[in-house]
Amino acid sequence: MGRTQVGIVGAGPAGLMLAHLLHLRGISSVVLEARSRDYVEQRVRAGVLEQGSVDLLVESGVGDRLQREGLRHEGIELRFAGESHRVAMTELTGRAITVYGQQEVVKDLIAARLAAGQPIVFEVDDVAVHGLDTEQPSITFTHEGRDETLTCDFVAGCDGFHGVTRGAVPAGVLSTYDRVYPFAWLGVLATAPPAVDELIYANHERGFALYSMRSAQVSRLYLQVAPDEDIDDWSDDRIWAELRARLETVEGWSLNEGPVIEKGITPMRSFVVEPMQWERLYLAGDAVHIVPPTGAKGMNLALADVRLLGDAFAQWYAGGGGGLLEAYSSTALRRVWRAQHFSWWMTSMLHRFGDSDPYQARLQLAQLRNVTTSTAYARALAENYVGPVEV
Ligand code: APR
Ligand code: PHB
């Protein structure tokens, strides 16, 4: 396989965007991905881009389809106690979010990579990293039955929560901070025209529900379920009945139903590993931090990490020294922890935590009342949701 400047493990938003940013600066990289191109392009994930993420994609030349097809949203709705309240994000912050599926971002980045004639190797196996504490680390893997070695100056671990790069750091170096929630999300993609044009986050005694969308024809919906829920127990009829029960609490409001195209269960977890770097290994995205999806921050954090890394490698290769590389972990962690707090807070405010804590249920309603009656609270939510300008 030879050598490259930065070896990138993982072709999710983090790995692909980093490869793109490096290419724009004339820095070579090779992206190694365990799955097939088709798999990563079809995998349904979240779909909310902060203003800063949109700006990054547009400014780096991969935002054309996003600007044509992305849905710009200037508010979200909070639904609880049979009432509906709008948080006017753009009025409160001057910024907006854009709904555009993560796999669409992945498709656009893969297309840009291939158009530039730059390497991505799909369907690699047995990836292992070596010599991270030397000046020439390497990545070994198998591809099409052959053993390969890629030598590089740096390794970028962008291989998600279940990846292998984080595990290459010696024991005792990394600290883990995490929280597991007593529920999961059942996510549904359906051919049904969205009944509204803004997202609805609903706190309901049967559990949380989220109404989102992908286009004028496709709705994206989520239901809080038990962490050990069996997806086979959720027929289309049951899914729609539960969505109706949790969302049709506002008079005169009803869902549009249609065939379910895709459904899956996602566990809910908060997770951070510190520091985000060891010697010549730089970790980014889900490989070092996970947020519960309630704050819609996962893809945005991945992109924010690699924006920093792109600048840091550019400084290094331009002969400007390792200042930004050294600062990478502590700079990135400020945004990471801000998003951890916001995601935990949204999650805590909106989900049902079981019958055992009626006090918490009352606190949730008090919090929701604060957010929907006080401009200061509403602005705090909105600023975090659209994404911080400076962290
Ligand atoms: N070798 C090569 N590739 C690997 C390996 C491995 N050992 N392990 C995992 N991968 C690949 C996965 O197949 C995946 O394509 O790494 C990629 C990691 O991508 P993501 O999981 O999308 O992570 P990231 O790029 O950090 O993006 C974070 O993804 O899970 C969502 O909510 C999350 O929106 C956030 C985003
Ligand atoms: C989505 O549209 O997939 C989505 C939207 C908002 C979230 C999470 C997921 O908080």
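When a ligand or atom number is given, it counts from 1 through the structure's own listing order.
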Colleague: Decide, yes or no, whether a salt bridge links Arg95 with Glu50 under the criterion of side-chain N to carboxylate O below 4.0 Å.
Modeller: no
Colleague: Is it the case that ligand 1 has an N or O less than 3.5 angstrom from some N or O of Gly285?
Modeller: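 Looking only at distances, the answer is no, because the N/O contact criterion of under 3.5 Å is not met.
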Colleague: Examine ligand 1 and decide if any of its atoms is less than 4.0 Å from a heavy atom belonging to Ala46.
Modeller: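 Ala46 does not count as a contact of ligand 1 under the 4.0 Å cut-off.
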Colleague: Would you check the N or O atoms of Arg35, main chain and side chain alike, for any that come under 3.5 Å of an N or O of ligand 1?
Modeller: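 For ligand 1, there is no N or O atom that lies under 3.5 Å from one belonging to Arg35.
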Colleague: To the nearest 0.1 Å, how far is atom 13 (O) of ligand 1 from its closest protein heavy atom, and which atom is that?
Modeller: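 Answer, as residue, atom name and distance: Glu33 OE2, 2.6 Å.
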Colleague: What do we get for Asp286 next to ligand 1 when only non-hydrogen atoms under 4.0 Å count, side chain, backbone, both or neither?
Modeller: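 Both backbone and side chain.
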Colleague: Do Arg3 and Asp153 meet the salt-bridge criterion of a basic N to acidic O distance under 4.0 Å?
Modeller: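 Salt bridge: yes.
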Colleague: Between the side chains of Asp286 and Arg166, is the shortest nitrogen-to-carboxylate-oxygen separation below 4.0 Å, so that they form an ion pair?
Modeller: no
Colleague: Does Arg369 have any salt bridge (charged side-chain N to carboxylate O under 4.0 Å, His left out) partners at least two apart in sequence or in another chain, and if so, which?
Modeller: Glu83
Colleague: Looking only at N/O atoms, are Ala34 and ligand 1 under 3.5 Å apart anywhere?
Modeller: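 It does: an N or O of Ala34 is found under 3.5 Å from an N or O of ligand 1.
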Colleague: Considering both backbone and side-chain atoms of Gly15, is one of its nitrogen or oxygen atoms within less than 3.5 Å of a nitrogen or oxygen in ligand 1?
Modeller: no
Colleague: By salt bridge (charged side-chain N to carboxylate O under 4.0 Å, His left out), which residues pair with Glu69, not counting sequence neighbours?
Modeller: Arg65
Colleague: Considering residues at least two apart in sequence or located in another chain, which fulfil the salt bridge (charged side-chain N to carboxylate O under 4.0 Å, His left out) criterion with Arg179?
Modeller: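 Testing Arg179 for salt bridge (charged side-chain N to carboxylate O under 4.0 Å, His left out), a comparison that skips the adjacent residues, returns none.
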Colleague: Any idea which residues sit under 4.0 Å from ligand 2, heavy-atom distances?
Modeller: Ala46, Gly47, Val48, Trp185, Leu199, Tyr201, Leu210, Ser212, Arg214, Arg220, Tyr222, Pro293, Thr294, Ala296
Colleague: At under 4.0 Å between heavy atoms, which part of Arg45 makes contact with ligand 1: side chain, backbone, both or neither?
Modeller: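 Answer for Arg45: side chain.
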Colleague: Using the ring centroid of each side chain, check whether Phe208 and Phe183 are separated by less than 6.0 Å.
Modeller: no
Colleague: What are the atoms of ligand 1, with element, lying closer than 4.0 Å to any heavy atom of Cys158?
Modeller: 16 (O), 17 (C), 18 (C)
Colleague: Show the atoms of ligand 1 that are less than 4.0 angstrom away from any heavy atom in Val40.
Modeller: 15 (O)
Colleague: Within 45° of the ring axis of Tyr211 and under 6.0 Å from its six-membered ring centre, is that where the NZ or CZ of Arg246 lies?
Modeller: no
Colleague: Heavy atom under 4.0 Å from ligand 1: found in Leu32's side chain, backbone, both, or neither?
Modeller: backbone
